[in-house]
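So the structure is just underneath, and the comments pick up after that.
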Amino acid sequence: MIDQLFEKGRQFSVYPLKIFWIARNDQSTLQAAVGVSSRNFKKATDRNRVKRILRESYRLQKATLKQILERDEKQLSVFILYNGKELPKFENLFEKMELVINRLKKYITEETVEKNQ
């Protein structure tokens with residue numbers, strides 16, 4: 001599934017995040033994964049901290065996206081990659097994640113409108 005996400009999926013950036021996503025036909029409504037480059041963060045503890053912050057900011061905001069997917073009977077896979085070079089603060093990533101969620105909602109609703117026409 002991850003291979004399809006990177007090969008056939010769409011992508012966009014909201015610095016310092018790069019988002020890969022693909023609409024799919026599967027059991028679960030919404031799947032998400034996060035990643036951090038070991039090139040930018042040599043210590044595993046730093047990478048794990050960034051991933052923890054990413055997952056928490058996503059978890060707190062995913063409800064509206066999931067509602068839209070359930071309403072439209074769609075499924076979505078998302079991979080969130082952190083590209084920054086410094087350790088982020090939770091508040092900053094929370095704001096960026098809000099932009100990401102809003103853009104994903106926009107893409108999903110546009111895709112639904114296109115299919116209905």
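Atoms considered below: every heavy atom in the structure, side chains included; atoms not considered: hydrogens, waters and symmetry mates.
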Would you call Phe41 and Leu87 a side-chain contact if the rule is heavy atoms closer than 4.5 Å? yes
Using the test side chain to side chain donor-acceptor pair (under 3.5 Å), find all partners of Lys18 that sit at least two apart in sequence or belong to another chain. Gln11
Please report, to 0.1 Å, the donor-acceptor pairs under 3.5 Å made by any side chain of residues 88-99, with sequence neighbours excluded.
unit_1, atom_1, unit_2, atom_2, d
Lys96, NZ, Tyr15, O, 3.2

Euclidean distance, Ile80 CD1 relative to Arg55 CZ, rounded to 0.5 Å: 10.5 Å
Is a side-chain N or O of Arg47 found less than 3.5 angstrom from the main chain of Lys42, in a donor-acceptor match? yes
Leu65 side, atom CG; Lys74 side, atom NZ - distance, nearest 0.5 Å: 11.5 Å
With rounding to the nearest 0.5 Å, note down the distance linking CG in Asn40 to NZ in Lys85. 4.0 Å
Gap separating the CZ atom of Arg49 from the NZ atom of Lys43, nearest 0.5 angstrom: 14.0 Å
Nearest 0.5 Å, what's the CD1-CZ distance between Ile19 and Phe79? 9.5 Å
Report yes if some heavy atom in the side chain of Leu76 is under 4.5 Å from a heavy atom in the side chain of Thr29; otherwise report no. no
Please examine the side chains of Ile108 and Lys105, heavy atoms only from C-beta on, and report whether any two atoms are closer than 4.5 Å. no
Verify the cluster assignment for Ile22 and Val78: are they in a single hydrophobic cluster under the rule of side-chain heavy atoms below 4.5 Å apart? no
Parallel, tilted or perpendicular, judged at 30° and 60°: which one describes the rings of Tyr107 and Trp21? parallel
How about Ile68 and Thr109: do any of their side-chain heavy atoms sit closer than 4.5 Å? yes
Considering residues at least two apart in sequence or located in another chain, which fulfil the side-chain contact (heavy atoms from CB on, under 4.5 Å) criterion with Ser28? Arg24, Gln31
Does the gap between the ring centers of Phe12 and Phe20 come in under 6.0 Å? no
Mind checking whether Val100 and Phe6 sit in one hydrophobic cluster, side chains of I, L, V, M, F, W, Y counted as touching below 4.5 Å? no
Holding to side chain to side chain donor-acceptor pair (under 3.5 Å), I want the full list of residues that pass it with Ser37, two or more places apart in sequence or in another chain. none
Checking Lys62 now: which residues fulfil side-chain contact (heavy atoms from CB on, under 4.5 Å) with it, not counting sequence neighbours? Leu30, Tyr58
Partners of Arg59 by side chain to side chain donor-acceptor pair (under 3.5 Å), sequence neighbours excluded? Glu56
Are Val34 and Leu5 connected, step by step, through hydrophobic side chains (Ile, Leu, Val, Met, Phe, Trp, Tyr) whose heavy atoms are closer than 4.5 Å? no
Where Ile101 and Gln61 come nearest, the two heavy atoms and their spacing: CG2-O, 3.8 Å
Report yes if some heavy atom in the side chain of Asn83 is under 4.5 Å from a heavy atom in the side chain of Val36; otherwise report no. no
